[in-house]
Amino acid sequence: MSDASPAPQALRPATVAVTSGRPPHEPDNPLNEPITMASTYVAGGDVEYGRYGNPTWTAFEEALGQLEGGRALTFASGLAAVATIFDLVGQGQKVVAPRHAYNGSILQLADLESRGRVTAQLVDVANTDEVVAACEGASLVWLESPTNPALEVADIPPIVEAAHAAGAFVVVDNTFATPLLQQPLALDADIVVHSATKFIAGHSDVVLGAVVTKDDELYDVLKKRRDMIGAVPGPFETWLALRGLRTLHVRMERAQANAQELVRRLGEHTAVGEVRYPGFGAVISVVLDQGALAADLLTHKTKLWVHATSLGGVESTFERRRRWKGEPATIPEGLVRMSVGIEDIDDLWDDLAVALDTLTAQPPA
Ligand SMILES: Cc1ncc(COP(=O)(O)O)c(C=O)c1O
C-alpha cells in the first residue's frame with residue numbers, strides 16, 4: 001500500500017457514499033440492501049416491530065451516519081425530524097433560530113411559542129455577534145446554513161462555543177450544504193438534521209428526513225421519540241434515498257459547477273438586481289429589480305427550468321418564494337430561488353437568457 005492510500009476507517013466521502021450501508025461481501029449476497037417490507041419480525045430479536053426498525057433504514061442510516069460522522073436516524077420527512085428535535089426542548093425554555101430558516105421549521109417554532117411551549121428568539125445567522133448574544137439563557141440554538149432561501153451562512157464554531165457555554169445544544173440543518181460541503185458534527189454541533197427529500201435523495205421522487213448525532217445519549221432519546229411518535233419512513237422511500245446518496249458527490253460536483261457559472265452569467269444580466277450565492281452548493285437566489293410580477297413572469301417563461309417548489313433534484317427548478325404565505329416579509333417579493341440541476345450549462349443558460357431578455361425588452365407594467 002502506498003503512503004497515499006487511506007486507512008480503511010478513513011475512506012474519502014465519495015468512496016463512503018458508494019460503499020457504506022451494503023451487505024457484507026459474501027458469496028451470493030446482493031450488492032445492495034434489499035427493500036424489506038415488514039410490519040413485524042419473529043419475536044426474540046432486537047427489532048420486533050416495523051415502527052422500531054427496518055434493515056433498509058439501517059443501510060441508509062449507516063451511509064448517512066458515516067458521511068456526517070455520527071449515528072443517523074431516518075424519519076418520514078425533514079419536518080418530522082425537525083419536530084422530534086423541537087420536542088426535546090423543555091417547557092417554557094428558549095430556542096434561538098435563524099429569522100430566515102426554512103419557513104416550515106419557523107412555522108413549527110411559532111406554533112410551539114403560541115401554545116406557551118417555548119420562547120423563540122429569531123436572529124440573523126450571518127451576524128455572529130447577534131447569535132452569540134442570543135445564546136444567553138437558551139436551551140436550543142437552531143442553525144440552518146446556508147439558509148433557505150436567503151442563503152446566509154453561519155460561522156458555526158464560535159456559535160457552538162457560546163451555545164455550549166450557555167448550556168444549550170446546537171442543531172444544524174445541513175440540507176443545503178450536505179455532508180460533502182459541511183460537516184457540523186466535526187465542528188462540535190450536537191445534531192445535524194436533513195430534509196433528505198432534497199440533495200441526498202436527489203431525484204424529486206421521495207419525501208424523507210434524517211437526524212445525525214455522535215452523542216449516544218441524544219441518539220437514544222431521539223430513537224425513543226421516533227419509536228413512540230411513529231414518524232417513520234417507508235422502506236421503499238428509504239431505499240430510493242440510499243440509491244440517490246450513492247451519486248451525491250457526482251451530482252453535487254456538477255450542479256455546483258453549473259451554479260457557479262450561472263452566478264457569473266446572471267450577475268451580468270441587466271434584469272437581475274442581485275445574485276445571492278454563498279460560494280458553494282447548488283442553490284442560487286436572484287432578486288429581480290422589477291419585483292414580484294417580473295419574478296412570476298420569469299418562472300412561467302422557461303422551457304427547461306421547471307416552475308416547482310423544493311430543490312436538490314437532478315433537474316433545474318425555480319420559484320418565487322414569496323408566493324408562499326408563510327415566507328417572511330423580509331424575503332424580497334422579487335426573489336426567485338433557483339435549484340441548479342446537472343443539465344448542460346449552456347442549455348440552462350440559453351433557456352434562462354431568453355426569459356430574462358423578454359423581461360428587459362418588455363418590462364412588466
Ligand atoms: C432547509 C430545509 N429544512 C427542512 C425542510 C423540510 O423537509 P421536508 O420537506 O422533507 O419535510 C426543507 C424543505 O424544503 C428545507 O428546505
Side-chain angles (χ1 to χ4, degrees), residues 57 60 64 68 72-87 95 97-111 122 125-126 140 142-154 156 171-182 184 189 191-212 226 229-234 237-238 240-242 244-245 252 255 276 278 280-285 306 308-313 317-328 331 335-340:
W57 299 354
F60 171 72
L64 181 62
E68 286 285 7
L73 286 163
T74 183
F75 283 81
S77 67
L79 280 187
V82 169
T84 306
I85 299 170
F86 281 151
D87 217 24
V95 178
R99 189 174 356 124
H100 294 146
Y102 169 58
N103 67 31
S105 307
I106 295 298
L107 203 66
Q108 283 192 13
L109 202 52
D111 175 64
L122 300 184
V125 274
L140 164 61
W142 186 273
L143 299 177
E144 184 179 296
S145 183
T147 54
N148 176 7
L151 299 176
E152 296 129 337
V153 173
I156 297 173
V171 176
V172 179
D173 185 329
N174 208 24
T175 298
F176 274 38
T178 82
L180 299 182
L181 303 177
Q182 176 171 268
I191 300 175
V192 161
V193 64
H194 276 286
S195 170
T197 310
K198 309 296 191 298
F199 290 101
I200 287 176
H203 295 74
S204 308
D205 51 11
V206 168
V207 173
L208 199 86
V211 301
V212 195
R226 186 183 69 173
I229 295 164
V232 292
E237 282 74 8
T238 318
L240 278 174
L242 178 57
L245 186 66
M252 185 52 94
R276 296 191 184 179
F280 60 93
V283 182
I284 303 169
S285 288
V306 188
T309 195
S310 198
L311 53 105
T317 58
F318 61 175
E319 67 169 339
R320 184 172 77 83
R321 282 303 289 177
R322 286 289 299 279
R323 76 191 178 95
W324 297 97
K325 275 205 183 73
E327 202 65 14
I331 298 298
L335 182 144
V336 175
R337 187 190 65 198
M338 311 175 69
S339 173
V340 183

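Ligands are counted one by one from 1 in listed order, and the atoms in each one are counted from 1 as well. A quick note: this is a predicted structure, and the numbers were derived from the prediction, not measured.
Considering every non-hydrogen atom in both P328 and R322, the closest pair reads O-CD, 3.5 Å.
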Do any side-chain atoms of residues 75-82 form donor-acceptor pairs under 3.5 angstrom with protein atoms, and if so which ones, sequence neighbours left out?
from: S77; atom 1: OG; to: L79; atom 2: N; distance (Å): 3.4
from: S77; atom 1: OG; to: A80; atom 2: N; distance (Å): 3.0

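A salt bridge links R321 with E319: the distance from a Lys NZ or Arg NE/NH1/NH2 to an Asp or Glu carboxylate oxygen falls below 4.0 Å.
Under the rule for a side chain to side chain contact (heavy atoms under 4.5 Å, CB included), the partners of A101 that lie at least two apart in sequence or sit in another chain are P98, I106, E144. Contacts of F86 classified as ring-ring contact (aromatic ring centres under 6.0 Å, His included), with partners at least two apart in sequence or in another chain: W142.
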Just list the N/O pairs, ligand 1 to protein, that are under 3.5 Å apart, with the distance for each.
from: ligand 1; atom 1: 3 (N); to: D173; atom 2: OD2; distance (Å): 2.6
from: ligand 1; atom 1: 7 (O); to: S195; atom 2: OG; distance (Å): 3.0
from: ligand 1; atom 1: 10 (O); to: G78; atom 2: N; distance (Å): 2.9
from: ligand 1; atom 1: 10 (O); to: S195; atom 2: OG; distance (Å): 2.9
from: ligand 1; atom 1: 10 (O); to: T197; atom 2: OG1; distance (Å): 2.6
from: ligand 1; atom 1: 11 (O); to: G78; atom 2: N; distance (Å): 3.1
from: ligand 1; atom 1: 11 (O); to: L79; atom 2: N; distance (Å): 2.8
from: ligand 1; atom 1: 14 (O); to: K198; atom 2: NZ; distance (Å): 2.8
from: ligand 1; atom 1: 16 (O); to: N148; atom 2: ND2; distance (Å): 2.9

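Without hydrogens or angle criteria, T74 side chain to G209 main chain gives a donor-acceptor distance under 3.5 Å.
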